[in-house]
Amino acid sequence: MAEIIDGKAEAQRVKDETAVAVEKFRADFGVAPGLATVLVGDDAASATYVRNKRRSCAKVGIESLHHELPASTGQGEIMRLVRELNSRSDAHGILVQLPLPDSIDSREVLNAISPDKDVDGLHPVNQGRLLAGEDGMRPCTPLGVMRLLERCGVELKGARAVVVGRSLLVGKPVAMMLLEQHATVTLCHSRTRDLADEIGRADVLVAAVGIPEFVKGEWVRPGSTVIDVGINRLDSGKLVGDVAFAEASERAAFITPVPGGVGPMTVAMLLANTLTAARRQESNAGGGGR
Ligand code: GUN
């Protein structure tokens with residue numbers, strides 16, 4: 001029977017560490033780290049996510065500068081706001097909540113965010129830095145996945161890691177981060193042939209396809225570590241991951257639950273990223289930093 005990886009507890013540890021580091025940052029630089037949040041339109045789920053992010057910021061001492069715009073807002077106005085936030089020294093991080101309304105070119109908006117303030121790690125410059133192994137802002141959910149793997153003490157060097165899902169937000173970056181830790185990485189997706197065989201060889205499995213219980217328990221390699229990034233709501237209202245949890249936990253050594261696994265880590269890593277961005281900007285501005 002697998003050991004359940006407690007993402008809630010680990011997220012709290014990250015938040016506690018961040019709160020301590022924020023206090024030191026304030027003492028060093030005389031300002032608070034600041035995260036600008038931009039919410040466009042009236043998507044209820046997005047509003048809830050942004051509210052949670054702002055509440056979490058407040059708890060660790062990060063200021064949030066919130067901007068809420070109606071769904072009818074034009075591309076030009078959003079671009080102007082992003083440029084204004086780029087130039088404001090109190091906005092160390094900028095988070096534009098996705099999805100944006102259909103009328104908006106999201107890529108153009110995300111690409112306009114200064115890479116140094118891109119706490120979501122979605123700007124092509126940051127994706128390129130990840131590929132090149134350079135310091136940059138890394139996306140929050142993959143960072144959370146890596147932190148959970150570190151917490152359960154799994155040896156990544158030389159391990160076979162299989163990632164299912166090739167999204168920009170999770171699959172591709174997490175594959176690069178696993179490679180950076182010297183795992184042998186196979187990046188699978190919906191068109192992969194013999195997926196069960198690929199998964200059967202995985203010492204570490206990261207599932208991020210967004211299909212409820214897509215990975216069957218019998219595919220999971222006995223003794224492996226399973227990280228389930230999926231959060232899918234069934235018609236019954238129940239939340240399930242991308243992995244059939246009950247059967248998979250009979251075989252895996254470690255497994256994340258849904259909810260309470262990777263989910264809580266994303267906001268925690270956003271806070272950590274905001275502090276990282278703030279430290280880099282204030283150090284470059286020449287103030288404090290001892
Ligand atoms: N919408 C759903 N997930 C995310 C995320 O990680 N970042 C942003 N900006 N929007 C999202």
Side-chain angles (χ1 to χ4, degrees), residues 7 11 14-15 34-57 62 64-69 71 73 78-79 81-82 85-86 91-102 104-127 130 136-148 165-174 176-177 206-211 227-233 239 241-242 258-259 261-277:
V14 173
K15 288 179 184 177
L35 174 67
T37 51
V38 179
L39 177 63
V40 186
D42 41 23
D43 183 77
S46 289
T48 304
Y49 293 142
V50 171
R51 199 178 318 119
N52 284 341
K53 289 170 186 180
R54 298 183 63 215
R55 208 174 279 156
S56 297
C57 280
I62 294 175
S64 67
L65 308 99
H66 185 52
H67 295 264
E68 218 164 299
L69 303 169
T73 307
I78 299 177
M79 298 296 286
L81 174 60
V82 168
L85 294 171
N86 281 343
H92 300 100
I94 301 173
L95 181 135
V96 177
Q97 185 67 25
L98 301 173
L100 289 169
D102 288 345
I104 300 298
D105 179 347
S106 301
R107 232 323 123 198
E108 193 188 14
V109 174
L110 296 179
N111 290 2
I113 296 174
S114 160
D116 295 338
K117 298 189 175 192
D118 169 37
V119 284
D120 261 332
L122 295 177
H123 193 286
V125 165
N126 284 317
Q127 291 163 16
L130 172 59
M137 300 311 302
R138 305 280 168 93
C140 304
T141 302
L143 281 176
V145 169
M146 297 308 288
R147 170 93 185 202
L148 290 178
R166 53 177 157 178
S167 70
L168 210 54
L169 207 60
V170 184
K172 285 182 194 170
V174 91
M176 292 314 304
M177 290 185 202
V206 178
V209 267
I211 303 172
I227 307 288
D228 191 348
V229 182
I231 303 178
N232 310 289
R233 195 173 288 282
L239 280 185
D242 291 350
V258 177
V262 176
M265 295 300 294
T266 300
V267 174
M269 301 319 289
L270 170 69
L271 304 176
N273 262 359
T274 302
L275 179 63
T276 300

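Remember, it's 1-based here, ligands and their atoms both numbered in the order they're listed. Here the structure is a predicted model, which means the values were calculated and not measured.
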Sub-3.5 Å donor-acceptor pair from the side chain of Asp242 to the main-chain atoms of Ile211, do we have one?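 Confirmed, Asp242 side chain pairs with Ile211 backbone.
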For the backbone of Ala91 and the side chain of Lys117, can you confirm whether one donor and one acceptor N or O come within less than 3.5 Å of each other?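 Checked: pair present.
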Answer yes or no: does an N/O atom from [X] fall short of 3.5 Å to an N/O atom of ligand 1?
X: Leu95; answer: no
X: Leu169; answer: no
X: Thr266; answer: no

Do the non-hydrogen side-chain atoms of Lys172 and Leu130 ever get within less than 4.5 Å of each other?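 In short, these two side chains do not touch, never coming nearer than 4.5 Å.
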Close side-chain approach of Val119 to Leu270, heavy-atom, < 4.5 Å: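 Yes; the side chains approach each other to less than 4.5 Å.
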Nearest heavy atom to atom 6 (O) of ligand 1: which of Asp120, Leu110, Leu39 does it belong to?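 Looking at heavy atoms only, the winner is Asp120.
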Do me a favour and list the nearest non-hydrogen protein atom to atom 11 (C) of ligand 1 with residue, atom name and distance?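 Scanning the protein heavy atoms, the shortest distance from atom 11 (C) of ligand 1 goes to Gln97 NE2, 3.4 Å.
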Considering non-hydrogen atoms of the protein only, which is the closest contact for atom 10 (N) of ligand 1, and what is the distance?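 The answer is Leu98 N, 3.0 Å.
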Which atoms from ligand 1 have a heavy atom of Val96 less than 4.0 Å away?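 Checking each atom against Val96, I get 8 (C), 9 (N).
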Have Lys53 and Gln97 got a donor and an acceptor in their side chains that come within less than 3.5 Å?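 Lys53 vs Gln97: donor-acceptor pair found between side chains.
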Asp42 CG: over 12 foreign heavy atoms closer than 6.0 Å: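 Counting other residues, nucleotides and ligands, CG of Asp42 stays at 12 neighbours or fewer.
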